[in-house]
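Contents: one structure, followed by commentary.
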There are 2 protein chains.
Amino acid sequence: MNIGTASEKTGLPAKTIRYYEEIGLLSPERADNGYRDYSANDVHRLRFLQRARGLGFSVEECRQLLSLYGDKNRESADVKAIASAKLVEIDRKLAELAALRSMLSHLVSHCHGDDRPDCPIMDELSGRSGMQ
Amino acid sequence: MNIGTASEKTGLPAKTIRYYEEIGLLSPERADNGYRDYSANDVHRLRFLQRARGLGFSVEECRQLLSLYGDKNRESADVKAIASAKLVEIDRKLAELAALRSMLSHLVSHCHGDDRPDCPIMDELSGRSGMQ
DNA sequence: CTTGACCTTCCAGTGACTGGAAGCCCTATC
DNA sequence: GATAGGGCTTCCAGTCACTGGAAGGTCAAG
């Protein structure tokens, strides 16, 4: 499949897809005419990248996560260590997103006046319990 | 409070804090000696920025979200519209994080062999249900 | 066989930082 | 009171992750 189709299927701009190839995140085949030819697996990787990047994971983190799937030579303990570390981070992100959600939802449902409400939204928004 | 203390309290590098000021995300006072002087409110804003950026919101999105809190002149309907739109996005992010979590957790608990497992993790990871 | 959409590479620009130089401020010790 | 150290200042340059644009090749339709 051509890059345009891959772009549609993943929501990533073609430019970004080429960039991801340039930095070694995937290696699509080339057709005889020189066009990139994306497999279903390539699309999976790209879709994953689209999601993980949007969730605040760096490109290097994405590379690690992708390697969990793709690298057949990797030791099982190694896989587990990386995956476990990411799990902790994901749980933190989940909690932060939930806090943000509750703050916004509060704002939508309670603050209907013509002016800024007095409720200390910032407390929730910046995390009542000390972070890190 | 000086920038070093603000940096400690928020987990943001001093460089980043100065950058956020430069692009108008906060305006700390200045002490007589020219040093930036951060209030508790400034620290709240910074802590929020630290979180929201880590969750994949762009600086412009963060600016909008901060304005929900800070702008007393904003119309209520406007606030609600922005907050509601962000809620939708947050819910999407929450679902994606949950999917990522389930994939990683599956990897940790099921794939204990010496080699890559056969389970098609990519299906989960790239989202079984078609996105956008 | 031309038009237009899609592809290629390459190079430059942007957003969001990040590092480093040069110099001022402040405390602390000699 | 001089000086050493750490923290602060500005400014300018560099990096990461894209993003836009130019110049040109490919392909299906008319």
Side-chain angles (χ1 to χ4, degrees), chain A residues 1-39 42-43 45-67 86 89 93 96 100 132, chain B residues 1-39 42-43 45-67 86 89 93 96 100 132:
Chain A
M1 129 192 17
N2 283 350
I3 199 167
T5 313
S7 169
E8 264 177 53
K9 289 200 177 207
T10 60
L12 286 169
K15 281 268 180 189
T16 304
I17 296 177
R18 288 194 199 95
Y19 174 71
Y20 285 163
E21 178 181 352
E22 194 186 318
I23 63 174
L25 290 175
L26 73 165
S27 309
E29 301 292 312
R30 293 284 178 143
D32 291 342
N33 57 11
Y35 287 17
R36 288 169 179 83
D37 185 16
Y38 294 90
S39 69
D42 289 330
V43 171
R45 292 177 81 87
L46 289 169
R47 195 126 69 183
F48 169 72
L49 284 165
Q50 198 270 338
R51 294 193 155 197
R53 291 288 298 123
L55 293 168
F57 290 94
S58 74
V59 164
E60 284 319 302
E61 287 176 312
C62 290
R63 193 191 300 276
Q64 273 196 334
L65 287 165
L66 281 174
S67 81
K86 291 299 169 211
E89 196 180 341
K93 280 177 192 280
E96 289 179 4
L100 188 55
Q132 55 153 238
Chain B
M1 132 190 16
N2 282 352
I3 200 168
T5 313
S7 169
E8 266 177 50
K9 289 201 177 206
T10 59
L12 287 169
K15 282 269 180 188
T16 304
I17 296 178
R18 288 194 200 95
Y19 173 71
Y20 285 163
E21 178 181 351
E22 192 187 319
I23 63 175
L25 290 175
L26 73 165
S27 308
E29 300 294 311
R30 292 285 178 144
D32 291 343
N33 58 12
Y35 286 18
R36 288 168 179 83
D37 185 18
Y38 294 89
S39 69
D42 289 330
V43 171
R45 291 176 82 86
L46 289 170
R47 195 125 70 183
F48 169 72
L49 285 164
Q50 199 269 338
R51 294 193 154 199
R53 292 289 297 123
L55 293 168
F57 290 94
S58 74
V59 163
E60 284 319 304
E61 287 175 311
C62 290
R63 193 191 301 276
Q64 274 196 334
L65 287 165
L66 281 174
S67 81
K86 290 300 167 209
E89 196 180 342
K93 279 177 193 279
E96 288 179 5
L100 188 55
Q132 54 153 245

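Chain identifiers are assigned alphabetically (A, B, ...) following the order of the sequence lines, protein sequences preceding nucleic acid strands; residue numbering begins at 1 within each chain. As the structure is a prediction and not an experimental result, all values here were calculated from the model.
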Flag the pair B/Glu89 and B/Lys86 as a salt bridge only when some basic side-chain nitrogen lies within less than 4.0 angstrom of an acidic carboxylate oxygen. yes

Side-chain N,O (B/Thr16) to OP1/OP2 (C/dT18) below 4.0 Å: yes

Close side-chain approach of B/Asp42 to B/Ile17, heavy-atom, < 4.5 Å: no

Could you state the atom-to-atom distance from CD1 of A/Ile17 to P of C/dT8 in whole Å? 10 Å

Closer than 4.0 angstrom, basic N to acidic O: yes or no for A/Lys93 and A/Glu96? no

For the pair made of OH in A/Tyr20 and P in D/dA17, what is the distance, rounded to whole Å? 9 Å

A/Glu61 atom CD is separated from D/dA17 atom P, nearest whole Å, by 10 Å

Between B/Val59 and A/Ile3, which has a closest nucleotide on DNA chain C that is more 5'? A/Ile3

Provide the closest heavy-atom pair for A/Phe57 versus B/Leu100 in the form atom of the first, atom of the second, distance. CE1-CD2, 3.7 Å

Sub-4.5 Å side-chain heavy-atom contact between A/Val43 and A/Met1: yes

Side-chain N or O of B/Arg53 less than 4.0 angstrom from OP1 or OP2 on C/dA16? no

Hey, which sits more toward the 5' end of DNA chain C by its nearest nucleotide, A/Lys15 or B/Ser58? A/Lys15

Separation of atom CZ in A/Arg18 from atom C1' in D/dG21, rounded to whole Å: 12 Å

Near DNA chain C, counting only heavy atoms under 4.0 Å, which residues of residues 23-38 of chain A show up? A/Arg30, A/Gly34, A/Tyr35, A/Arg36

How close or far is atom C1' of C/dA16 from atom CD of B/Gln50, stated in whole angstroms? 15 Å

Rounded to whole Å, OH of B/Tyr19 lies from P of D/dG14 at a distance of 18 Å

If the threshold is 4.0 Å, N to carboxylate O, is there a salt bridge linking A/Arg30 and A/Glu21? yes

Rounded to whole Å, how long is the line connecting atom CD of B/Glu22 with atom C1' of C/dT18? 12 Å

Rounded interatomic separation in angstrom, taking CG from A/Leu12 and P from D/dA17: 15 Å

So do the side chains of A/Leu25 and A/Arg45 get within less than 4.5 Å of each other, counting heavy atoms only? no

